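Fair warning: this is a prediction, and the values are worked out from it, not measured in the lab. Lettering follows sequence order; numbering is per chain, from 1.
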Amino acid sequence: DAGITQSPRHKVTETGTPVTLRCHQTENHRYMYWYRQDPGHGLRLIHYSYGVKDTDKGEVSDGYSVSRSKTEDFLLTLESATSSQTSVYFCAISVQAGGGNEQFFGPGTRLTVL
Amino acid sequence: AQSVAQPEDQVNVAEGNPLTVKCTYSVSGNPYLFWYVQYPNRGLQFLLKYITGDNLVKGSYGFEAEFNKSQTSFHLKKPSALVSDSALYFCAVRGLGGYQKVTFGTGTKLQVIP
């Protein structure tokens, strides 16, 4: 998984509870991404980062925030979890943001919001 | 807006037979195209990409893909399917110019029957 770890790997929480997911990489890549995977939707970009403290929104960012205080860590926070945020969350990295640069994915976090 | 279509939710093929997983795309200008594979409970793994040049691209595990600009297609192929190829396959597209997000298809489940 290209030196990418995600924690926790599984989490069950209740509606209204804050949740933070962590992505850690060991290769000092500049670009990091958070996606969610849902049946019938493929992968959808939540937020991405192009450097320490540099982040921007993706296509489904409502209800999510991110932080990147160190190159190696990219945190995704659900301020107040809702059942619609039940999903599998994937972190990814790439060497560069654009062009023909493929992405490398972490193992995923399965989040269930009751 | 860019988009990717994978018209088949599932493809079944007998072991040893050739396989094709279809993908069509829509994007402004010339595209960067990718195929990823996902095994159960794993993140996506990069298989191959088209940037420019030869329309037939070879990738990992004996897979190849053919870029067809006139048909806006990028079908994934393999001459002889293995049971171990059974997985979920995603096509993805990125447009040119600056940071362009990657758009993923909804995925095709490939089932190789022994």
Side-chain angles (χ1 to χ4, degrees), chain A residues 1-10 21 23-25 29-51 54-61 87-111, chain B residues 1-10 21 23 25 27 29-54 57 59-60 63 65 67 74 87-109:
Chain A
D1 292 319
I4 304 169
T5 57
Q6 293 184 232
S7 58
R9 293 293 313 279
H10 302 271
L21 309 183
C23 176
H24 178 79
Q25 57 143 332
H29 291 300
R30 180 179 174 186
Y31 299 95
M32 299 184 76
Y33 311 81
W34 275 108
Y35 290 90
R36 59 179 290 173
Q37 182 180 17
D38 303 289
H41 290 278
L43 271 76
R44 293 179 292 175
L45 182 65
I46 305 172
H47 281 278
Y48 65 97
S49 171
Y50 45 96
D54 292 324
T55 65
D56 206 347
K57 296 179 179 180
E59 61 185 302
V60 289
S61 59
S87 187
V88 181
Y89 291 86
F90 288 99
C91 175
I93 59 96
S94 65
V95 175
Q96 295 183 35
N101 292 284
E102 62 270 27
Q103 295 178 333
F104 298 93
F105 289 81
T109 294
R110 184 174 296 275
L111 176 66
Chain B
Q2 61 192 39
S3 64
V4 174
Q6 294 183 242
E8 301 154 318
D9 290 336
Q10 181 159 335
V21 182
C23 171
Y25 67 90
V27 69
N30 294 321
Y32 296 120
L33 294 158
F34 306 84
W35 276 102
Y36 291 86
V37 60
Q38 185 181 33
Y39 298 101
N41 299 314
R42 300 287 299 275
L44 278 67
Q45 297 178 28
F46 169 73
L47 268 183
L48 52 79
K49 65 183 177 183
Y50 172 82
I51 300 175
T52 186
D54 194 348
V57 178
S60 306
F63 284 93
F67 171 64
F74 189 56
L88 188 59
Y89 290 81
F90 289 94
C91 181
V93 66
R94 170 188 272 145
L96 299 181
Y99 174 79
Q100 295 286 339
K101 73 179 182 69
V102 178
T103 300
F104 288 84
T106 53
T108 298
K109 182 178 181 181

Can you name the residues that form a side-chain contact (heavy atoms from CB on, under 4.5 Å) with Asp56(A), not counting sequence neighbours? Tyr48(A), Tyr50(A)

Gln103(A) backbone acceptor or donor facing Tyr36(B) side chain under 3.5 Å: yes

Does the Arg110(A) side chain pair with the main chain of Asn41(B), one donor and one acceptor, at a distance under 3.5 Å? no

In Å, rounded to the nearest 0.5 Å, how long is the span from [atom1] of [X] to [atom2] of [Y]?
{"X": "Asn101(A)", "Y": "Phe46(B)", "atom1": "CG", "atom2": "CZ", "result": "10.0 Å"}
{"X": "Phe104(A)", "Y": "Leu44(B)", "atom1": "CZ", "atom2": "CG", "result": "12.5 Å"}
{"X": "Glu59(A)", "Y": "Thr103(B)", "atom1": "CD", "atom2": "OG1", "result": "6.5 Å"}

Over all atoms of both residues, closest heavy-atom pair of Leu88(B) and Gln37(A): CD2-NE2, 4.0 Å

Does Val102(B) reach the side chain of Leu45(A), with side-chain heavy atoms less than 4.5 Å apart? no

Heavy-atom cut-off 4.5 Å, strictly under: side chain, backbone, both or neither for Gln6(A) against chain B? neither

Between Gln38(B) and chain A, with a heavy-atom cut-off of 4.5 Å, which part of the residue counts as in contact: side chain, backbone, both or neither? side chain

